[in-house]
Amino acid sequence: MTPSRLSRATLSGVDATRSGVRLPAVDPSEVTVGLVHLGLGAFHRAHQAVFTEDAAAAAGENGWGILGVTQRSARVVEQLAPQDGLYGVLTKGTDETSLRLVGSLRDVAFPGTDTARVLATMAAPTTHVVTLTVTEKGYRRAADGGPDLTDPDLSADLDALAADLRGRPADEPARSPIGLLLRGLAQRARADAGPLTVVCCDNLADNGAVLAALVGATLDAMPDGRRLREWIDTSVRFPGTMVDRIVPATTDAHRAEAAALLGLTDAGLVVGEPFTQWVVEDDFAGPRPAWELAGATLTPAVAPYERAKLRVLNASHSTLAYLGALRGYATIAQAVADPDLAAAVRALVDEDVLPTLVAPDGMELTGYRDDVLARFANPNTGHTTVQVAMDGSQKLSPRLLGTVRDRLAQGAVPTAAARTVAAWIAYVRATTQGELVVDGHRVPLDDPMAATLADATAGPLDSLADRMLDVRAVFGDDLADSAAFRSAVRAAVASLVTSRV
Ligand code: CS2
């Protein structure tokens, strides 16, 4: 018999003592929504939603339920709505596995059908915080950091926002996260519902400031944007954050494993490593969950943490993903077990990254590097090279090019960082030429700039590095025009495409 599905009704039948499954820390029937999350992917469910639940439980507050909003499709709503928002987090350590259920996700919505409800919730006086995990590409930023007005989804949203700003709110479904956010802010300002804090939880350098600048630049470009801009300046804060937990894509094997522990099926299951960290700039416009009671660090200075995490963890991750996939490894754990690849990552961190970092309070950076490599070696998450390799055109800048710029400014040639750039170039070339096979499957290039990148990789190998560096939307004019960087990348590409490491 197939087991029944997780829901509030079936939750009462879960025997926590016998199964070892941890029940929600909050009673879902008591919790009301106080936070809207845009980008209801696995990462949010395994990270901020867990912190928020634990914080609410520790503080004894029941007003921090989450309305989770999906991005492109209704699939996550279909997974979670029948489960009353309940789902499990399967934690896969090197030596042990555990399952906990989360009850803080109180409502789910898909903008394609539920935009009005999402906007109304963002404008409710009981809502105090909006969080975002919409991935690097979700922000639809142009090369200058402002809105990419050539993006059809964003421009449709800005038309709707323009109608909102003229006092005739549009009924259109929002198509981009930034459009949804701006329309929510407009509705909140109109409703005079009080201050709001918008917390960017994506892996962007200076993520809070970047989002604030994007919102401001978008309104500056709109004929009727001034009043909303002024309201935002006085009523909305955009704290920066550093978020960290390795969250692989959930597989059928994970779902079967969780169902065996729980005795119920869970279509919303997410998976994570045991490690989890959240550093949040303590700059809120109004109330917030007591995240510090759940282990988060609230600090006035988030930048050193964010920089260390992006430049050490994420840059190493990408390096392993590209080099690993090129060597045919399916997982990050396999890639880091290859001594050549581990050496490449150590060289990157030691030679180029560490000289650009200031250690955050209480953190020792070589120890941090070793801890990160040990986390990558966890064989049980099953985190794939191809998952980390996606969207390289968006990821390279926040995780690697800051290091490159800082090293050049120090008068050094960032040879090791150039090797990671070369690894990305080789990966882009192999995927766009249909030459990359991992685990018996041909891997396509998964990147919003795939067409431009495919054009740049087509052609003779000896000018491959130059054609790719001329993709200025990725490298910026400064790096595209840096002779030192260009020659380092040329040399690294030449050695990589001939030797394959
Ligand atoms: C990864 C990150 O997919 C990727 O690009 O580098 O998602 C990484 O797993 C997280 O940032 C870890 O916190």
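Nothing fancy with the numbering, it's 1 onward along the sequence. Both ligands and their constituent atoms are indexed starting at 1 by order of listing.
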State whether the shortest distance between N or O atoms of Arg375 and N or O atoms of ligand 1 falls below 3.5 angstrom. no
Is it true that Thr133 and Asp202 share a donor-acceptor pair across their side chains at a distance under 3.5 Å? no
Under 4.0 Å from a heavy atom of Val388: which atoms of ligand 1 are those, numbered in the order shown and with their elements? 3 (O), 4 (C), 5 (O), 6 (O)
Would you call Gln277 a ligand 1 contact, heavy-atom distance under 4.0 Å? no
Exercise: do Arg288 and Thr197 side chains pair donor with acceptor under 3.5 Å: no
Answer with yes or no whether the side chains of Trp291 and Thr52 bring together a donor and an acceptor at under 3.5 Å. yes
Counting each atom of ligand 1 from 1 as listed, which ones have a heavy atom of Lys309 under 4.0 Å away? 10 (C), 11 (O), 12 (C), 13 (O)
Exercise: do Thr385 and Gln387 side chains pair donor with acceptor under 3.5 Å: no
Closest protein heavy atom (residue, atom, distance) for atom 2 (C) of ligand 1: Asn314 ND2, 3.6 Å
Using a 4.0 Å heavy-atom cut-off, which part of Asn203 comes near ligand 1: side chain, backbone, both, or neither? side chain
Thr265-Arg255 side chain donor-acceptor pair, cut-off 3.5 Å: no
From atom 3 (O) of ligand 1, work out which of His47, Lys395, His317, Met242 has a heavy atom at the shortest distance. Lys395
Less than 3.5 Å apart, any donor N or O on the side chain of Thr331 or Thr384 sitting next to an acceptor on the other? no
In the protein, which heavy atom is nearest to atom 13 (O) of ligand 1, and how far is it? Asp244 OD1, 2.5 Å
Can you list the ligand 1 atoms lying under 4.0 Å from a non-hydrogen atom of Arg399? 4 (C), 5 (O), 6 (O)
I need the atoms of ligand 1 closer than 4.0 Å to a non-hydrogen atom of His383, numbered in the order shown. 9 (O)
Return yes if a side-chain donor-acceptor contact under 3.5 Å exists between Lys395 and Asn314, otherwise no. no
